[in-house]
Amino acid sequence: MPAAAVTCIDLDYLGLPGAAVAFLVEIPDHEIAHRILVECGPEACRPKLESELARLGIEPDLIDAVALTHIHLDHAGAAGGFAARGARVLVHPRGVRHLVDPAKLVASSRRVHGGRFDRHYGEPIACPAERVESVEHGEVARFGQATFRAVETPGHAKHHHAWLLEHAGGRECFTGDVAAMLVPGTDFISVPAPATDFDPLAWDRSLAELERLGPDRLWLTHGGRIDEAAEFLARARQRVAEEAQILFEVAREPSDESAIERYRGWLHPRAEAAGVPEPMRHAFLGRAFMEMNLAGVRKLLKDRAEGKADAPRG
Ligand SMILES: [Zn+2]
């Protein structure tokens with residue numbers, strides 16, 4: 001049985017090359033091929049995704065399934081457009097209702113992103129309920145001889161799965177945001193810690209689980225293909241731990257302004273030393289990114305104070 005093929009499709013997300021991709025997985029099966037998208041980007045990028053698929057000779061109605069790592073709009077916003085043309089949508093149980101009725105997700109995203117919402121995300125189309133499949137941790141979707149296994153991986157989001165594709169060519173892990181992100185064109189790992197779900201202890205356990213599974217390759221939604229999977233997972237664990245540490249420190253600053261300045265003073269020199277040029281620091285690690293992470297750690301501290309999130313032991 002021939003191996004599956006994975007193609008990274010750049011989405012021009014935020015108008016920036018390399019900012020986010022969708023993965024086309026083609027699985028040969030006798031005379032036919034199964035075609036699965038892992039992630040589909042925001043609705044605003046669906047024209048770009050569909051035109052790239054068309055260049056590969058694939059009309060949208062040939063997509064059998066869309067496997068989502070989580071329902072944040074930069075990963076899942078375009079799912080309804082494919083579901084409307086017959087694709088199954090595989091998602092974490094907590095994500096189902098937001099795909100069927102995106103109104104709440106849209107309202108909160110509009111609050112966070114304001115005027116940028118329409119340009120960057122676009123209003124998702126609701127998925128027909130009968131197309132959405134709730135997939136629990138450990139469940140497997142089979143396509144010919146290949147399988148996709150859901151691996152529950154909270155930390156960035158509570159409703160997060162990584163997908164482990166096992167096929168004749170090896171074991172691929174589609175990590176969503178659990179292996180964090182790369183600033184495009186560099187080797188610098190940035191850690192997205194949004195409210196309401198950021199949880200560094202859960203995140204570390206998730207990465208330890210991926211290390212245990214030992215995939216051959218990683219595929220990052222914000223970063224693409226990674227061949228040195230074990231080395232990268234170890235680095236991602238370290239980056240999540242140190243980012244959490246600095247966020248806990250800056251959250252104690254008396255004002256948002258001083259918190260952001262202190263965070264910038266820690267983050268940007270590290271990125272610069274790792275070869276991230278100023279325009280890329282501005283675009284990917286700028287004020288919006290730092291405000292998101294500060295909100296994430298504040299929400300975590302509030303949840304811990306209220307006993308809703310694990311606190312470190314000892
Ligand atoms: Zn993301």
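Order of listing sets the numbers, starting from 1, for every ligand and every atom in it.
In this structure, His222 has its ring center closer than 6.0 angstrom to the ring center of His75. Aromatic rings of His98 and His159 (six-membered ring for Trp) have centroids beyond the 6.0 Å cut-off, not under it.
Under the ring pair (Phe, Tyr, Trp, His ring centres under 6.0 Å) criterion, Phe23 pairs with Phe174, Trp219, not counting sequence neighbours.
For the atom pair OH of Tyr263 and CG of Leu294, the computed distance is 8.5 Å after rounding to the nearest 0.5 Å.
Of all protein atoms, those of element N, O or S that lie under 2.8 Å from the Zn ion (ligand 1) number 4.
A donor-acceptor pair under 3.5 Å links the side-chain atoms of His92 to the main chain of Arg94, judged by distance alone.
Residue Pro192 comes nearest to Pro194 through the heavy atom pair O-CD, 3.2 Å, listed as atom of the first residue, atom of the second, then distance.
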